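For reference, positions follow the sequence shown, starting with 1. No hydrogens, no waters, no symmetry mates; every other heavy atom, side chains included, goes into these values. Quick caveat: nothing in here was measured; it's all calculated off a predicted structure.
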Amino acid sequence: CPEHWAERTKHRRPIGFRLAVAADAAALAGEVVRVKGEVTAVRADGAKDSLEKKSKVYVGDKIKTGGDGQTLIQLKDQSRLIVRKDSEVEITAFQYEKKDTDKVETSLISGALRAVSGKIAKGNPASSKYSAGTATIGIRGTDIEIAFIGDGQKDRAGIYNYVHDGATNMKLASGEEADIAKEKSGFVPKDLKPGEARLQVLDTRPAFIQGTG
């Protein structure tokens, strides 16, 4: 009978169908607005998808760009993420129900990220956070850039948090913290010099910002 057939075949559905169900079960965070070059998403269940315009993005996704890749993602609260080339970003948490429990948390694993705050941050800044290595960045209705800069670049190697607009609070796991104002940079050197602070505030505009859209 039809009921018995459905029971026998429910575990034999195509892999694509099962992956679609898994994606639907994850919390939808937003979608891709623009994409250039190679951009992929590694889903929370391990599936890997190429991203294109209007592709959905979910909580737990790791967004990866190639050497020619860049993508603009808009989350459901209208916040925006520009993932630069050779970068990896994870959407670690996202909940937008227009309640006090709303939150958005994004982790930069490698490369560079520009982020423009949305409604969650504007309504409750403490509910919007970014992380990069040992640094956690809290924002106050802001447009920021976060980057890991390696050896051999124009900028000194380390973690940067440049503020295009607004302000941030940058805090390290070791306890140091600093407020970063507009057109300033929070900086954590890769290698400390003798007597140097682990967390610094720079007045100069980092070289990596120049030429980025």
Side-chain angles (χ1 to χ4, degrees), residues 13-98 102-122 127-133 135-137 139 142-150 153 159-162 164-165 208-213:
R13 288 167 175 165
I15 291 175
F17 177 88
R18 295 200 299 270
L19 291 178
V21 171
D24 288 342
L28 178 65
E31 72 173 25
V32 174
V33 177
R34 288 201 302 269
V35 65
K36 175 185 176 182
E38 180 186 2
V39 182
T40 59
V42 178
R43 309 297 186 180
D45 64 359
K48 184 178 179 180
D49 296 323
S50 294
L51 295 184
E52 55 188 27
K53 186 176 180 179
K54 294 187 178 180
S55 291
K56 302 301 182 185
V57 176
Y58 300 88
V59 174
D61 282 359
K62 292 182 179 178
I63 313 300
K64 296 183 177 183
T65 58
D68 63 343
Q70 181 167 280
T71 185
L72 169 61
I73 296 169
Q74 180 166 298
L75 302 183
K76 291 196 299 179
D77 74 326
Q78 298 182 1
S79 55
R80 292 193 167 202
L81 306 173
I82 300 176
V83 185
R84 304 295 192 189
K85 66 179 183 178
D86 285 324
S87 300
E88 182 175 358
V89 171
E90 181 177 2
I91 301 174
T92 53
F94 185 85
Q95 181 174 317
Y96 181 53
E97 299 174 338
K98 299 181 181 179
D102 289 350
K103 63 180 177 180
V104 54
E105 296 178 8
T106 307
S107 175
L108 177 64
I109 299 170
S110 62
L113 168 71
R114 184 168 182 173
V116 180
S117 300
K119 292 182 179 180
I120 293 175
K122 291 175 182 177
S127 295
S128 181
K129 295 180 181 179
Y130 299 86
S131 63
T136 300
I137 299 163
I139 59 93
T142 258
D143 176 354
I144 66 172
E145 198 112 16
I146 309 169
F148 287 100
I149 300 298
Q153 306 300 311
I159 300 170
Y160 289 80
N161 162 216
Y162 179 79
H164 289 280
D165 192 24
F208 80 89
I209 295 293
Q210 300 172 15
T212 59

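With values rounded to the nearest 0.5 angstrom, Leu81 atom CG is found 6.0 Å from Ile91 atom CD1. For the atom pair CD1 of Ile120 and CD of Gln95, the computed distance is 8.5 Å after rounding to the nearest 0.5 Å. Taking CZ from Arg80 and CD1 from Ile73, the interatomic distance works out to 11.5 Å, rounded to the nearest 0.5 Å. With rounding to the nearest 0.5 angstrom, the NZ atom of Lys64 is 7.5 Å from the CD1 atom of Ile109. Atom CG of Asp49 and atom OG1 of Thr40 lie 9.0 Å apart (nearest 0.5 Å). Put simply, CD on Glu31 and CG on Leu75 are 10.5 Å apart, with the number rounded to the nearest 0.5 Å.
Taking each heavy atom of Arg34 and Thr71 in turn, the nearest pair found is O-OG1, 2.8 Å. What you find for Asp61 and Lys56 is that their closest heavy atoms are OD2-O, 4.4 Å. Taking every heavy atom of both residues into account, Glu52 and Val35 meet most closely at CA-CG1, 3.7 Å. Among all heavy-atom pairs drawn from Gly133 and Ile159, the shortest one is CA-CD1, 4.3 Å. When all heavy atoms are compared, the tightest approach of Leu51 to Arg43 is CD2-NH2, 4.0 Å. Here the closest heavy-atom approach between residue Ala29 and residue Val59 is recorded as CB-N, 4.2 Å.
For the pair Asp102/Glu97, a side-chain contact is recorded, criterion being any heavy-atom separation below 4.5 Å from C-beta on. Within the 4.5 Å cutoff, the side chain of Phe208 has heavy atoms near those of the Glu145 side chain. Residues Lys36 and Asp68 have side chains not in contact (no heavy-atom distance under 4.5 Å, counting atoms from C-beta outward). Between Tyr130 and Ile139 the shortest side-chain heavy-atom distance falls below 4.5 Å.
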Where do Leu113 and Thr106 land on the side chain to side chain contact (heavy atoms under 4.5 Å, CB included) test, with the steps shown first? CA-CA 10 Å; Leu113 168 71; Thr106 307; 4.1 Å; yes
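The neighbour count for Lys76 NZ, taken as heavy atoms of other residues, nucleotides or ligands under 6.0 Å away, is above 12. The environment of Gln74 atom CD is dense: over 12 non-hydrogen atoms of other residues, nucleotides or ligands sit within 6.0 angstrom.
Asp77 contributes a side-chain N or O that, together with a main-chain N or O of Ser79, makes up a donor-acceptor pair within less than 3.5 Å. In this structure a side-chain-to-backbone donor-acceptor pair under 3.5 Å is present from Asp86 to Gly67. Although no hydrogens or angles enter the test, the distance criterion places no donor-acceptor pair under 3.5 Å between the side chain of Asp143 and the main chain of Val116. With Thr92 contributing its side chain and Ser107 its backbone, the two residues share no donor-acceptor pair below 3.5 Å. No side-chain donor-acceptor contact under 3.5 Å links Ser87 to the backbone of Thr65. Side-chain atoms of Ser117 come within 3.5 Å of backbone N or O of Thr142 as a donor-acceptor pair.
A tilted orientation is assigned to the rings of Phe94 and Tyr96, their planes being inclined by 30° to 60°.
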